[in-house]
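Notes to accompany the following structure.
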Protein chains: 4
Amino acid sequence: MRSAAAREAILAATARQFQLRGYDNLTIEGIAKEAGVGKQTIYRWWPSRGALIAECLTDGRLFPVDFDIPVSGPVLDDVETWLDRVLAVLHSPGGSGLLRSLVAAAAEDDAVGQHLSEGIGVEQSLHTRLTLAVRAGELPADAPVDQLGSAILGAIIVQALGREEADAEGLRELVRFLLRPDGQAGSSA
Amino acid sequence: MRSAAAREAILAATARQFQLRGYDNLTIEGIAKEAGVGKQTIYRWWPSRGALIAECLTDGRLFPVDFDIPVSGPVLDDVETWLDRVLAVLHSPGGSGLLRSLVAAAAEDDAVGQHLSEGIGVEQSLHTRLTLAVRAGELPADAPVDQLGSAILGAIIVQALGREEADAEGLRELVRFLLRPDGQAGSSA
Amino acid sequence: MRSAAAREAILAATARQFQLRGYDNLTIEGIAKEAGVGKQTIYRWWPSRGALIAECLTDGRLFPVDFDIPVSGPVLDDVETWLDRVLAVLHSPGGSGLLRSLVAAAAEDDAVGQHLSEGIGVEQSLHTRLTLAVRAGELPADAPVDQLGSAILGAIIVQALGREEADAEGLRELVRFLLRPDGQAGSSA
Amino acid sequence: MRSAAAREAILAATARQFQLRGYDNLTIEGIAKEAGVGKQTIYRWWPSRGALIAECLTDGRLFPVDFDIPVSGPVLDDVETWLDRVLAVLHSPGGSGLLRSLVAAAAEDDAVGQHLSEGIGVEQSLHTRLTLAVRAGELPADAPVDQLGSAILGAIIVQALGREEADAEGLRELVRFLLRPDGQAGSSA
DNA sequence: GACTAAGCGAGACGGTACGTCGGGTCTTACG
DNA sequence: CGTAAGACCCGACGTACCGTCTCGCTTAGTC
């Protein structure tokens, strides 16, 4: 009979340590100590450090915010609103480190990787909003909405990996370009 | 007096171990042993595991191939050719694992992150080719070529992180959409 | 209401494990599993590993034989007969290991120590037989029969602890010397 | 190149912990911590807890005293003098616990067992003194001096194992009986 | 003849120690 | 003086058992 209290304490400690110290530097012993739990109790229910992170991810314990996209105007405006929200988190102290840690975890652990998209919820949100846009005729009918989501998220990740100071304007440009309402800018030329 | 032989042996061993066993599982001791070198010799010249990887990266020792983009026709064709090359490497055994390892290294280590783009050379190549395309009027003058490169690379990375079977067709669609020669694909049709 | 079946299974399992794997390497969990019993059932009735052994000891479950001394001739002959029996057990496979395990248990656990002599029954038997011998005038009236028993048993234990190949002849010599019927060898001098 | 300082610290810590807490309760981690040493350094040079004890034993670190037997009068007097010394140690606080711990170690570990006699030095001392006595005609020419040593030591051990309050008088009686200067003590009376 | 209450098997729990791996620093001996 | 070798202290790994603690499930007596 599994102890709910232990489960809760472990996941909470995992999330806290992850945010505090990053994916590497995350130790089972540290989690166990902070959670006031024996190591065996962790190993009994999770096969690996990654599985812990994956569960925190799907529980929404790693990000204190959600990234829903509003549906209140033209796609472009809505997505820019969303982008600002995302960038705000990234610029907050520890924000980009958190993203990098998450990427590291996803890169090293299958379980985390498989839950990455659902975890950040970004692809899901984008997908939904872009699909609506396609239906509304704001985007071409053949726009590969899934891929566009990956591309935008991917661009953010690539920036974070590069340790460039997050280039908000560049990302906005990208979004504007990707979602340009009709004929490409300068089409009249 | 730095020993060139030692340097060479160390970097070669690092690259081999990285490809063979991934970024985590990469140990200084393992490298030292394989290189026939004392651990101290490594620590004397490189401050961290990441620095080793970073140097392998800029030396082009991690990927056996280069990803130059041809300039022989319409951008779209050239980029698709390049994409096929990239996907071939990714589908080869260990290919996606290698990419993930690289992403893990970049996510965990600043030095690697800062050299990531130059290392894979992808952004560089794309940037160059797309700039040409802009000049040739194939792409709108205000197309954010840097961001487009990041987006394409990012989409590939996001796929790899997700452990989805690399979706070649999706990526091709994305590229076609991003580089669609004129206004909204078929929107006027 | 104590379950007789559980008690029996536990003691049997304890004895078997003790003979099989020795005193250290003897685990409560192992006993519980072999006995098909919950750990709690053991802890409910015995305070410690040692108490289990002590009870096996007094139940005569650790040695498959008893070490009664015959009363059929001169003390010396009877004791030598007994000694042969003891040595036979000691030379049998696992015999000296069993004795060492028992000594270890007695050394580490008070309960076992207190029941050691009654457990092997050796001192008891020797005491009885030697007392008879004193009465019969075979031994001096002031012979310290208790101490003689301890000495003989002790000599056997010391040999076993030393991992010397059990020196049967030496022990026989000792016994002959201790129980030399009257005037010591060379008494006529 | 082995560190002499580490060796010394480890053996000292081992001896102290052994005297303080007994053989069981003796942990490698405890020794390492007290010695200010990494566990690996212990495992590098000693295969087991027992090997540590064995080395302390042969180094004479476990007993603060030596048990030489004087040669200054009749055997019996000399041995009684020696016995008093031994009993004094045994009666000192922790004395019998120390002996029991040593017996436990010898019983559970081959290395300790093989060095037991040389470690306490008791058998050696007794052997030497008794041999002299045989030469001097104080003991019969065929007295099994080795076995007599084992018997005396063994009797002491058996007493200690039994948790009887060490029966000094009994042991003195035993010694007097074993080494009675001529024929059966008082048999002619 | 249903109803407790104890004993039971099972096994999760917070811990301690195990023996191993690798990190990064150091010392030694050689070329 | 840089090097190969490797010992050193340390922190963490994943495992084994400890002794305590629920859990439901028998299984007796008792009402």
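What you are looking at is a predicted structure, and each value in this text was computed from that prediction instead of being measured. In the text below, chain A, chain B and the rest are named by the order of the sequence lines, each starting its count at 1.
Between the CD atom of D/Gln17 and the C1' atom of E/dA17 there is a distance of 13 Å, rounded to whole Å. Rounded to an integer number of Å, the gap from NZ of C/Lys33 to C1' of F/dA16 is 12 Å. With rounding to whole Å, D/Trp45 atom CH2 is found 12 Å from F/dC9 atom P. As rounded to whole Å, 12 Å separates atom C1' of F/dC17 from atom CD1 of C/Ile31. Between C/Asp24 atom CG and E/dC18 atom C1' the separation is 14 Å, expressed in whole Å. Atoms CG (D/Asn25) and C1' (E/dG15) sit 16 Å apart, rounded to a whole Å.
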B/S/- contact track for nucleotides 22-31 of chain E, protein heavy atom under 4.0 Å: SBBBB-----

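Once rounded to the nearest 0.5 Å, the distance linking CH2 of D/Trp46 with CD1 of D/Ile53 reads 11.5 Å.
Between D/Asp24 and C/Arg49 there is no salt bridge, since none of the side-chain N atoms of the basic residue sits less than 4.0 Å from a carboxylate O of the acidic one.
Taking 4.0 angstrom as the limit, C/Arg44 places none of its side-chain polar atoms (N or O) nearer than this to OP1 or OP2 of E/dG7.
Listed in residue order, the members of residues 5-15 of chain C having a heavy atom less than 4.0 Å from DNA chain F come to none.
Sequence neighbours left out, not one pair with a member in residues 93-103 of chain B passes side-chain hydrogen bond (donor to acceptor under 3.5 Å, both in side chains).
Shown here for D/Leu11 and D/Cys56, the closest heavy-atom pair between the two residues is O-SG, 3.5 Å. Annotation for C/Ala51 and C/Pro47: closest pair CB-CD, 3.5 Å, computed over non-hydrogen atoms.
At least one donor-acceptor pair closer than 3.5 Å links the side chain of D/Arg163 to the backbone N or O of D/Leu161.
By the 4.5 Å heavy-atom criterion applied to side chains, C/Leu102 and C/Leu98 are not counted as neighbours. With contacts defined as side-chain heavy-atom distances shorter than 4.5 Å, the pair A/Ile28/A/Leu52 qualifies.
Cation-pi geometry between C/Arg2 and C/Trp45 is satisfied (NZ or CZ under 6.0 Å from the ring centre, within 45° of the ring normal).
Toward the 5' end of DNA chain E, the nearer of the two residues A/Ala4 and C/Thr41, judged by each one's closest nucleotide, is C/Thr41.
Within 4.0 Å (heavy atoms only), C/Arg2 reaches sugar-phosphate atoms of the nucleic acid but no base atom.
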